Trainee: 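Okay, handing you the structure first.
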Amino acid sequence: MSSQALTSPREDFSEWYNEIVYRADLAAASPVRGCVIIKPYGYELWEGIKGALDRRFKATGHQNAYFPLLIPMSFLQREAEHVEGFSPELAVVTIGGGKELEEPYVIRPTSETIIGDAFKKWIQSYRDLPLLMNQWANVVRWEMRTRPFLRTMEFLWQEGHTAHATHDEAEAETMQMLDVYADVAINEAAIPVIKGLKSNKERFAGALRTFSIEGMMGDKKALQCGTSHNLGQNFAKAFEIQFVDENNQRQFCWTTSWGMSTRMVGAVVMAHGDEKGLRLPPRLAPYQVVIVPIFKTDDDRGVVMENVERLKRELVAHDIRVHVDTRDYQPGFKFNDWEMRGVPVRLELGPRDVANNAVVAARRDKPGKEGKRVLTQDNISASIRDLLIEIQANMLQQATEFRDANIFDVKSYDELKGVVEQGGFARGWWAGTDDEELAIKAEIGATHRCYPLDQPGGTGTCFYTGRPAERVAIFAKAY
RNA sequence: CGGGGCAUAGCGCAGCUGGUAGCGCGCGCCGUUUGGGACGGCGAGGUCGUCGGUUCAAAUCCGGCUGCCCCGACCA
């Protein structure tokens, strides 16, 4: 907590982001390069996301399990594309108990291989399918450059792994989990993500098809917020995950995997934050309401605190997450501090309010006086509940309007360059090759984000090659 | 791995024409304050990243090492 002003996001978005992470108390620097300490406030935010996901996983029939952190090196090598994709960023354990290991272990960068090996043993018959599993875990990827939450060498995530009897079932699972991610992003995090199919170049190493949800951050860059992969039979063949079908025929399974990580915390910061700090969607906020008591004399203190405690009890009884700020700071300091930390609703309660059976409510999604109003204390939990719902909806609306105002349809490469230069998503008909996609990336730094699932229909002319195109794609600078 | 920086109090920095360390914020105590980032007084806190060299004397000059940050190529 500092009394200095926050760097403006318009001035230096990157610096603004780093300052918020630090000053909103989400994370702290660690002694290990590229790793951060997730502090309690940041971890609670992650727990909110985690809970929202976990409920949905269970509602769709998945069970949680836990697999080892260490994976035999040879497992990674079983799937050619997979090992090629992950080799550069593996951390490898070569010594254990003071002795060089016969076979090195890699610290999991993802768990398709070790879970594939288990699935091989667990699946024999079509009666064992589908096998629907998820694990909450940490993974390590030796990244060159890191940023808190967005890319760290160790991060927390969930990885779902499923096995099915047919391609279509696997595809349906892949899409179902993509929908779960979009549901969480949109309705919990208030980030209006776009569902889409990844290009060949952006596809997960070893997958048949990769789908993602892409969010637009406050600087108009894209952030991949979750991915869902149809792995086809690639891993099933590499790990011999087979079953006997109704006709007593041996077949390879069709598998999927899907993941969402602590990167989502960074997404919430970058999608909603403003010049005063973090803005948290009520559904994920560790504290939905903070009460700031205000008093001068000891007499006032007693009266005010009694009222504050009564309000708190009532809100808690209605499942509203409340925090009372009793720290020995002046109110103005606390207002700024909680705005930095993004609490959706602040209640200010002083002697005047006690006398009037009132409380001043300030909403974080609207700045200054515009967001402040006096509420009666009668029926306070109902008022607050409605207010939280309204804030959640308003934040989604604001983010959606921002996104839609910054997606541009392009018909030529020059137009795309213009969009990328001024910031935003460029959407256009695309029929380029992998190499042509890479050429665009090399020249202007924009990448193929996805082919949105929501397509205009019909066909068009590729903005880059002039060839006939069957799909539109989104290009943008990305994190 | 290529390019550029930086390492001094919890954080941010100054000191670098050599003489044994200081500022702001933060922290502790006391008092006055408290409806939009309060103020005064007192106080605690540092083997100056590390190893070596020069010197009567090194945070300061020289060399090696290590770590971190920023910009690129790779990525949830």
Side-chain angles (χ1 to χ4, degrees), chain A residues 1-6 12 14-15 18-19 22-23 28-35 84-90 108-111 137-159 181 198 201-205 210 212-215 222-229 257-267 276-277 292-298 300-301 304 325-340 346-354 358-360 362 367-369 371-372 374 438 441-442 445 447 478-479:
Chain A
M1 276 167 304
S2 156
S3 55
Q4 296 298 307
L6 183 67
D12 185 345
S14 184
E15 178 59 24
N18 288 334
E19 282 181 22
Y22 194 59
R23 288 168 61 174
S30 86
V32 181
R33 183 187 81 83
C35 296
E84 189 189 329
F86 280 103
S87 284
E89 52 187 49
L90 291 181
R108 64 179 162 224
T110 180
S111 303
N138 57 338
V139 290
V140 168
R141 299 179 186 179
W142 215 261
E143 300 290 351
M144 297 299 174
R145 289 196 55 206
T146 60
R147 303 194 60 192
F149 295 112
L150 301 178
R151 187 176 309 105
T152 45
M153 296 216 312
E154 177 184 8
F155 57 92
L156 306 182
W157 76 345
Q158 57 67 217
E159 46 180 324
Y181 288 153
K198 284 297 198 180
K201 296 307 293 179
E202 301 277 334
R203 199 182 57 211
F204 177 74
T210 288
S212 76
I213 52 172
E214 301 284 328
L223 182 72
Q224 181 171 303
C225 295
T227 49
S228 187
H229 316 290
S257 69
W258 25 276
M260 186 179 266
S261 73
T262 38
R263 168 179 275 189
M264 201 61 196
V265 174
K276 301 225 70 172
V292 178
I294 298 165
F295 45 79
K296 287 190 172 77
T297 65
D298 277 352
D300 283 347
R301 179 200 181 91
V304 168
D325 187 353
T326 56
R327 293 177 300 173
D328 187 21
Y329 291 119
Q330 290 190 282
F333 177 90
K334 295 182 184 179
F335 297 168
N336 283 284
D337 190 39
W338 291 110
E339 279 164 5
M340 176 68 70
R346 180 180 71 244
L347 296 180
E348 307 169 12
L349 187 66
R352 279 208 306 261
D353 307 297
V354 176
V359 62
V360 175
K369 280 211 167 125
K372 263 199 190 189
V374 180
L438 284 179
K441 182 178 180 181
T447 50
Y479 280 95

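Bear in mind the structure is a predicted one, so any value in this text is a computation, not a measurement. Chain identifiers are assigned alphabetically (A, B, ...) following the order of the sequence lines, protein sequences preceding nucleic acid strands; residue numbering begins at 1 within each chain. The figures here come from the full heavy-atom set of this structure, side chains too, leaving out hydrogens, waters and symmetry mates.
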Trainee: Mind checking the P distance from B/U60 to B/G49? Whole angstroms is fine.
Mentor: 8 Å

Trainee: Can you figure out which of B/U34, B/C27, B/G36 approaches the side chain of A/Ile294 most closely?
Mentor: B/U34

Trainee: Does any donor-acceptor pair link the side chain of A/Asp337 with the base of B/G37 at a separation under 3.5 Å?
Mentor: no

Trainee: Given atom CG of A/Asp298 and atom C1' of B/U34, what is their separation to the nearest angstrom?
Mentor: 12 Å

Trainee: A/Phe295 or A/Arg147: which one's nearest nucleotide on RNA chain B is closer to the 5' end?
Mentor: A/Phe295

Trainee: If you measure from the P atom in B/G19 to the same atom in B/A58, how many Å do you get, rounded?
Mentor: 11 Å

Trainee: Remember a base hit wins even if backbone is also touched, and classify A/Glu339 as base, sugar-phosphate or nothing at under 4.0 Å, heavy atoms.
Mentor: base

Trainee: How would you label the contact of A/Lys276 with the nucleic acid (heavy atoms, under 4.0 Å): base, sugar-phosphate, or nothing?
Mentor: base

Trainee: Can you tell me the base-pairing partner of B/G37? Count Watson-Crick or G-U wobble geometry only, both distances below 3.5 Å, and say none if there is no partner.
Mentor: none

Trainee: Any strand counts, and the cut-off is 3.5 Å on both contacts for Watson-Crick or G-U wobble. Which nucleotide pairs with B/C1?
Mentor: B/G72

Trainee: Hunt down the Watson-Crick or G-U wobble partner of B/C6, both distances under 3.5 Å, from any strand shown, or write none.
Mentor: B/G67

Trainee: Quick one: look up who B/C61 pairs with, Watson-Crick or G-U, both distances under 3.5 Å, and put none if it's unpaired.
Mentor: B/G53

Trainee: Is A/Gln330 near enough to B/G35 that one of its side-chain N or O atoms lies under 4.0 angstrom from OP1 or OP2?
Mentor: yes

Trainee: Take A/Phe86 and A/Phe204 through the test ring-ring contact (aromatic ring centres under 6.0 Å, His included) and record every step on the way to the result.
Mentor: CA-CA 10 Å; A/Phe86 280 103; A/Phe204 177 74; 5.8 Å; yes

Trainee: What distance, rounded to whole Å, do you find between the two C1' atoms, one in B/G18 and one in B/C62?
Mentor: 13 Å

Trainee: How far, in whole Å, is B/G46 from B/C13 if one measures between their C1' atoms?
Mentor: 15 Å

Trainee: Under 5.5 Å between ring centres and under 30° between planes: true for A/Phe155 and the base of B/A76?
Mentor: yes

Trainee: Identify the nucleotide, in any strand shown, that forms a Watson-Crick or G-U wobble pair with B/G28, with both distances under 3.5 Å; if there is none, say none.
Mentor: B/C42

Trainee: Could you tell me how far B/G45 sits from B/G22 if I compare only their P atoms? Round to whole Å.
Mentor: 13 Å

Trainee: Do we see a donor-acceptor contact under 3.5 Å between the side chains of A/Ser14 and A/Arg147?
Mentor: yes

Trainee: Quantified in whole Å, what is the P atom distance between nucleotide B/A21 and nucleotide B/C25?
Mentor: 23 Å

Trainee: Provide the Watson-Crick or G-U wobble partner of B/G18, both distances under 3.5 Å; none if there is no partner.
Mentor: none

Trainee: Considering just the side-chain nitrogens and oxygens of A/Lys441, establish if one lies under 4.0 Å of OP1 or OP2 belonging to B/C74.
Mentor: yes

Trainee: Once you apply a heavy-atom cut-off of 4.0 Å, does A/Thr152 come out as touching a base, just sugar-phosphate, or nothing?
Mentor: base

Trainee: Both conditions, 6.0 Å and 45 degrees, for the charged tip of A/Arg108 above the ring of A/Trp157: are they met here?
Mentor: no

Trainee: Among B/G35, B/G37, B/U33, find the nucleotide with the atom closest to the side chain of A/Phe333.
Mentor: B/G37

Trainee: What's the closest nucleotide to the side chain of A/Asn336 if the choices are B/G36, B/A76, B/G35?
Mentor: B/G36

Trainee: Any base atoms under 4.0 Å from A/Gly259, or only sugar-phosphate, or nothing? Heavy atoms, all strands.
Mentor: nothing

Trainee: Can you see whether A/Phe335 has A/Arg346 sitting over its ring - NZ or CZ less than 6.0 Å from the centre and within 45° of the normal?
Mentor: yes

Trainee: Under 4.0 Å between any heavy atoms, over every strand shown, what does A/Arg33 touch: base, sugar-phosphate, or nothing? Just pick one.
Mentor: sugar-phosphate

Trainee: Would a 4.5 Å heavy-atom cut-off, applied to side chains only, mark A/Val139 and A/Glu159 as touching?
Mentor: yes

Trainee: Can you tell which of A/Gln224, A/Arg203, A/Lys198, A/His229 makes a side chain to side chain donor-acceptor pair (under 3.5 Å) with A/Thr210?
Mentor: A/His229

Trainee: What's the gap between B/C11 and B/C69 when it is taken at their P atoms, as a whole Å value?
Mentor: 14 Å

Trainee: Among the nucleotides B/G36, B/G37, B/U34, which one has an atom lying closest to any side-chain atom of A/Lys296?
Mentor: B/U34

Trainee: Looking at the base of B/G36, is there any donor atom on it, or on the side chain of A/Lys372, that sits under 3.5 Å from an acceptor on the other one?
Mentor: yes

Trainee: Given atom CZ of A/Phe204 and atom P of B/C74, what is their separation to the nearest angstrom?
Mentor: 18 Å

Trainee: Counting any heavy atom closer than 4.0 Å, what does A/Arg301 reach on the DNA or RNA strands: base, sugar-phosphate only, or nothing?
Mentor: nothing

Trainee: Pick base, sugar-phosphate or nothing for A/Glu143, based on heavy-atom distances below 4.0 Å to the nucleic acid.
Mentor: base

Trainee: Does A/Val360 reach a base, just sugar-phosphate, or nothing at all? Heavy atoms under 4.0 Å.
Mentor: base

Trainee: Step through the shown structure and confirm whether more than 12 heavy atoms of other residues, nucleotides or ligands are within 6.0 Å of CD on A/Glu15.
Mentor: yes

Trainee: At what distance, to the nearest 0.5 angstrom, does CG of A/Asn138 lie from CG of A/Leu156?
Mentor: 6.5 Å

Trainee: When you compare B/G64 with B/G5, how far apart are their P atoms, in angstrom units rounded to a whole number?
Mentor: 16 Å

